[in-house]
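Values below: every heavy atom of this structure, side chains too, minus hydrogens, waters and symmetry copies. Note that this is a predicted model, so its numbers are computed, not measured. Naming: A, B, ... by sequence-line order, numbering from 1 per chain.
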Amino acid sequence: MAGRFDDLAAAIARRFGSAARIENVEVATLGGSNRTLLFDLVEGASRRRLVSRQQTYLAGDSPFISPEEQFRVMREVYACGLPVPEPIFVYDEADGTDAGFVTAFVAGETGPKRIQADADANGAGESMAAQLGTLLGRLHGLPLDRFDFLASRADSVDPLSAQRDRYDGYGEIRPVIEYGLHWLDRHRPPFRPSGLVHGDFRLGNFMVAGTAITSLLDWECAHLGSGAEDIGWLCTRSWRFARPDLPVGGLAGTEPFLAAYADAGGHVPDADEHRWWQIFGLTRWAILNLMQAEGHMRGTRRGPVYAACGRNTALVEYDLMMTLTGRYA
Amino acid sequence: MTEAYPPLDELLVTVRDFLMEVRQSLTGAQRYHAQVAAYLLEIAMRELKDPGGEVAVKNSFGLDMQRLRTAIRSGALDSRDEELSAALLTDAIAAVAITRPDHLHPEHRDQ
């Protein structure tokens with residue numbers, strides 16, 4: 001064990017003093033591109049469970065914001081009173097470690113299919129969808145000046161161009177993606193004033209305790225833009241998991257969600273605009289799968305999951321064509 | 001020429017079954033990766049059995065990929081939108097039939 005967590009111990013000592021200790025370290029993930037550690041921070045009689053997330057690999061054309069920016073977004077969102085894990089510190093150059101940050105540990109369930117099954121068993125789908133509507137309405141109304149640093153991101157400037165540029169960068173021609181991008185370009189929705197957009201607002205990125213949404217996780221796609229983007233992504237067919245018949249994250253129909261969203265100050269998109277963002281979501285998800293395949297083929301990040309993502313692009317393309325031809329809603 | 005024995009599809013089944021067996025003794029990410037690896041072999045088995053192919057767009061429009069891209073982007077095919085979307089859907093069905101047939105809407109299975 002000796003040495004494996006020395007970097008973490010040193011980072012803790014720098015910030016909390018040499019008397020602070022780390023205990024009960026658990027490696028949650030150690031993948032090709034990230035390292036997640038759970039640990040207790042012990043200071044005298046006080047003990048807190050914390051999480052360290054570090055990025056061990058970063059592609060030059062990554063669509064994700066840096067860990068430093070993620071930390072900054074979470075710090076601002078936390079300060080505004082929305083439920084995110086309490087940000088503790090961000091690693092810096094003096095740590096000499098991979099980039100990343102430490103937050104409070106939040107217990108609960110993130111697995112989409114388990115959350116859906118629990119919601120179903122407890123008849124809680126509508127109330128959970130309403131909770132998401134409230135959270136998202138509040139999120140989209142946060143003061144923009146706190147998030148100025150995201151304004152120059154490609155996704156903030158023009159989300160559609162951002163997708164097209166990434167897709168073009170992969171050099172693989174996919175006729176369905178071409179068709180999706182062309183359709184999106186021809187049917188652009190009206191301009192909406194910008195708000196903070198989470199960017200990956202879906203089951204899998206919500207911490208759930210019982211039937212309560214207790215934390216919003218994974219801010220690596222945060223940018224500024226239309227709130228309808230987050231709504232469309234949540235409702236995109238791929239993110240309904242086991243329940244494609246329930247548009248809001250496979251939890252419920254749209255009514256309870258949109259009512260709560262409006263109550264919290266959100267601007268409810270009309271049906272055409274909502275559909276546009278779902279088609280955008282499918283196109284974006286197909287492109288993200290293509291990105292994984294490209295990393296695999298280039299050899300920068302190989303593995304069965306990345307290869308499978310590449311082939312799974314076809315599933316998303318099928319859903320996209322079924323939606324564009326009016327067979328799927 | 002005598003056929004190789006056991007044949008290629010049998011080799012893939014053997015490796016797939018082996019992966020599913022060792023998966024039982026793995027944990028965490030490795031367990032998941034073994035399952036995904038078995039899934040990849042199943043795709044390979046289906047593709048080997050019936051390569052099918054995504055030929056509807058090519059047959060309808062007679063364009064190579066580069067030209068097809070240019071034609072879609074420029075709007076040159078907008079006037080043939082119904083024909084294009086139908087052909088794209090047909091090709092998507094062929095691809096999903098190999099990747100994960102269960103993902104298809106019932107009306108598109110076993111075509």
Exercise. Gln30(B) versus chain A, heavy atoms under 4.5 Å apart: side chain, backbone, both or neither?
Worked result: neither
Exercise. Between Leu320(A), Thr313(A), Val305(A), which shows the greatest number of heavy-atom pairs under 4.5 Å with chain B?
Worked result: Val305(A)
Exercise. Does Arg114(A) CZ have over 12 foreign heavy atoms under 6.0 Å away?
Worked result: no
Seminar exercise, completed: Interface check, chain B: of Pro244(A), Gly303(A), Ala314(A), most non-hydrogen pairs under 4.5 Å belong to Ala314(A)
Exercise. Heavy atoms, side chains only, cut-off 4.5 Å: are Glu82(B) and Thr325(A) in contact?
Worked result: no
Exercise. Can you tell if the side chain of Arg100(B) reaches within under 4.5 Å of the side chain of Asn312(A), non-hydrogen atoms only?
Worked result: yes
Problem set entry | Min side-chain heavy-atom separation His105(B)-Met322(A) under 4.5 Å | yes
Problem set entry | Enclosure of Arg49(A) CZ (heavy-atom neighbours >12, cutoff 6.0 Å) | yes
Exercise. Between Leu324(A) and chain B, which part of the residue has a heavy atom less than 4.5 Å away: side chain, backbone, both or neither?
Worked result: neither
For this session: Answer whether the closest heavy-atom distance between the side chains of Thr99(B) and Tyr318(A) falls below 4.5 Å.
Result: no
For this session: Identify the heavy atoms of Ala307(A) and Leu40(B) that sit nearest to each other, and give their distance.
Result: CB-CD1, 3.9 Å
Exercise. Heavy-atom distance under 4.5 Å to chain A: side chain of Asp91(B), backbone, both or neither?
Worked result: neither
Problem set entry | Distance-minimising heavy-atom pair for Ser85(B) and Met321(A) | O-CE, 3.5 Å
Seminar exercise, completed: Max heavy-atom pairs within cutoff under 4.5 Å with chain A, candidates Ile43(B), Asp78(B), Val96(B), Leu84(B), goes to Asp78(B)
Exercise. Should Leu88(B) and Glu317(A) count as side-chain neighbours, where that means a heavy-atom distance under 4.5 Å?
Worked result: no
Exercise. Are more than 12 heavy atoms from other residues, nucleotides or ligands located less than 6.0 Å from atom CD of Gln24(B)?
Worked result: yes
For this session: Using a cut-off of 6.0 Å, state whether more than 12 heavy atoms not belonging to Met20(B) lie near its atom CE.
Result: yes
Problem set entry | Top contributor to chain A interface from Leu77(B), Ile98(B), Leu104(B) [non-hydrogen pairs under 4.5 Å] | Leu104(B)
Problem set entry | Side chain, backbone, both or neither of Glu54(B) within contact of chain A (heavy atoms, under 4.5 Å) | neither
Problem set entry | Interface residues of residues 172-187 of chain A facing chain B - non-hydrogen atoms under 4.5 Å apart | Ile173(A), Pro175(A), Val176(A), Glu178(A), Tyr179(A), His182(A), Arg186(A)
